[in-house]
Amino acid sequence: MPQRPHPAASPPPSPQGGGEGAAPPVLRLSGVTKRFGPLLANDAISFELARGEVVALLGENGAGKTTLMNILFGHYVADEGAVEVFGKPLPPGDPRAALEAGIGMVHQHFTLAENMTVLENIALGTQGFLNWKLDRIGARERIEKLSWEFGLAVDPAARVASLSVGERQRVEILKALYRDARILILDEPTAVLTPAETDALFATLKLLVGQGLSIIFISHKLNEVMSVSDRVLVLRSGRLAGERVTAGTSRSELAALMVGQEVVSPPVPPPEPGQLQLVLNAVSTARRGAGVTLDRISLSLRGGEITGLAGVSGNGQAALAALISGVEAPASGEIIVRGNLAKNWSPRAALSAGIGRIPEDRHAVGTIGDMSVTENVIAERYRTSRFSRRGFLDWRAARKFAEEIIADYDVKCPSPEARIRLLSGGNMQKLILGRALDSAPSVILANQPTRGLDVGAVGYVHGKLLEARARGAAILLISEDLEEILALSDRIIVMSKGRLSAASPRGERTVAQLGALMAGHDMEAA
Amino acid sequence: MRVEPKPAPSFAVTLLYPVAAIALTFAITALLVLAAGASPFSVFHLVWKGAAGSQFALLETLTRATPLIFTGLAVAVAFRAKLWNIGAEAQLYMGAVVTVVLGTGALPLPAFLLIPIIVIVAMAAGGVLLLGPAVLKTRFGVDEVVTTLLLNFIVLLFVSMLLEGPLKDPMGLGWPQSPKVIADAQLPRIVQGKRLHYGFVMALVSALVVWVIMKKTVLGYEMRAVGHNQQAASFAGVPVNSVLMKTALLSGGLAALAGFSEVSGLKGNLTLDLSPGYGYTGIVVAMLAMLNPIGVVASAIFVAGIFVGADAMSRSAGVPSYIADVMVATALLTMVVAILFTRYRLRWK
């Protein structure tokens, strides 16, 4: 394959119009919609990207950012809508067409062959099938020129396995540039970088934009979006919730856009706080992988009260949920259940301490997809005398229990023998709710209990949580949906960087104040 | 071309998958038979006659199926919990070693005591052998495929050492073989004067017991939960590590029974060629049965029939009996593909 000219040396393959303002958008999305079963991942999203512009795509996990970019890059086919690149329609579902149209993507998880050199990784796939001998000298010259030009220092002869994460990312960017990308999509590029590497990346982005490239920067970190982008698009539950020029907005405004402002309160009777049910006393958790850990967290949950935990995702909510549900044991600090110090903390210990758990991921953690509804509803208590005797399960009792849950929690499913995988998200969640709440737990951990559910199911879940509150359960509601937190919580705590803010009673803090706390401002002062 | 998940097929349709896989296997091997210059129809007919065409053939097939039922059950139990036990061969030899150690006169007990003792100790030995890889897996994340596979070679060398040393038959004219087990340690023959022995009945009973364990007991439920989704099982309070340990003991124990039954029911002593790869063939047997314990009996008889029939066929048709290995291997591949199709469909576009 003949080498194409260097991107900076040639204009993009589109008529560049005359004046500055007349330049057509390099990318236009119109009405892009994508459904996964009942879940609307992208709802009629339209936007344009101009030459030399950095647009940030901001949104919580699950807001639809990555889905949208996968449609753009041809990994998914949109159900409706169209994509135009340089004025030409982009054929859907074809990554090769996207590459040829000049779209380059740097994935959150790198796609490099570790046992090959930087040069081989970059040149991989750019050559014709029959032209098997790599033009190493030409490729090397071109890579060195690109890396010098854009501050992407990396040794082309180095093996990828020996590179740091930051260097690997540079290789990914070089890979896109080597293929003459005119539009660069970066998916959460700073998630894995140190602050210094982040600064270097931002400098590179400025150089790229100076050469006329356009960049889509996907992130949920507000400060980065503020410092690197020209324009911000905010996605919330699949919809474009807002579009702001970066210079004319603030972090608090963006945070509020991200999580939603409209507060529709269901009737919540005044709380009748009961006794302390669960106390965490200066609990820390051990570092495992790259996740945020808990840093001497103290938290008290009272009966008859819903405590809402707000925060931008990835600030330690997962670790806190894992701790309370028993999946993770504390590295230091104490867990006190109704005045008793808990020992040998485990899922079983949490269950027998009377903690009902609604996990964040109902597919991977909440249910066993290939087992039946019956087998799933007894999963937390199959060892009790109700369901087993001398090592044998009483399937009749189990089936009867499943039928009860199906009836009491209004689950729509073909039969108790159906594999739970076949149920819709809402019905799956109702079953999990039934499993967790049927034994009238005194503490309830509800982690993102309504994520991805339709309006009816959301109302149902909220109703059940309020019922549990009325009978005196202590509820910790973890949600990225600030609307939900504001509607249900008697008191609100904000989590940021593994630490908790002081609790504020219902109605005390405004959305803007919570947004500021979530953005990491004034954790101590607030 | 895309692969898409699809809803579970009904039980009746599920039964069609192994049938289709076996039909495809015959079609593929027919090509090889043609290449060898013989007629596929006459060759398959000869295989059928050799496997089930006479009382002798049928009893021989069932005799050959006996160890395969045990190793097939061992693999089915382990794979159900996603414990990838590739080491049934080694566990089989551990069972055989225990049988020889206890059965050659060291324990002068009557048969009704001696045989149960040997069975229990043999199962324990096989189970403990698999416990090591299971502990390494749960503690340090060591891949059990590697450890169990390599243990096969270690154990075979260990047996070789025993047969050259402490377990060597002094009357064996220098051959690396153990003495014969005493009469009280032998499983009787089912039909007088034929090779089929009560190990076959034990195998059938074992299949039934494993079926009951998987379907009716807490342990079976836990094993299936861990196998389908370990993370969700752990979240719900299933003690994943302890379940994997119990699975290892059960699986290793079942494979050891194959060794016990071969020595005590058929061969009488331990040699290095006690098993022509029954442990590995057990994987095919379990996969063909889609890990169903009752299905293991059927698939073990099928696979044994192929081997026995191919031996007879090669004597009269001149096609090498290696065709049996090819058939069994092809059946594994077609079955793995068929299992894929129970969960996914292909979409061409």
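Chain letters run A, B, ... following the sequence lines, proteins first, then strands; residues in each count from 1.
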Of B:Val218, B:Leu219, B:Val212, which meets side chain to side chain contact (heavy atoms under 4.5 Å, CB included) against A:Phe392?
B:Val212
Testing the basics here: between [X] and [Y], what is the closest heavy-atom pair and its distance to 0.1 Å?
X        : Y        : value
B:Phe235 : A:Pro359 : CZ-CB, 3.7 Å
A:Pro347 : B:Ser234 : CG-O, 3.2 Å
B:Ala225 : A:Met371 : CA-SD, 3.6 Å

Between A:Ile368, A:Leu351, A:Ile378, A:Asp361, the one whose heavy-atom pairs under 4.5 Å with chain B are most numerous
A:Ile368
Turns out that what part of A:Ser325 lies under 4.5 Å from chain B's heavy atoms comes down to side chain
Is it the backbone or the side chain of A:Arg383 that comes under 4.5 Å from a heavy atom of chain B, or both, or neither?
side chain
Hey, what do you get for NE2 (B:His228) to CD (A:Glu375), rounding to the nearest 0.5 Å?
7.5 Å
Within the distance-only criterion (no hydrogens, no angle test), does the side chain of B:Asn229 pair as donor or acceptor with the backbone N or O of A:Ala364 below 3.5 angstrom?
yes
Cut-off 4.5 Å, heavy atoms of chain A, and the answer for B:Glu222 is side chain
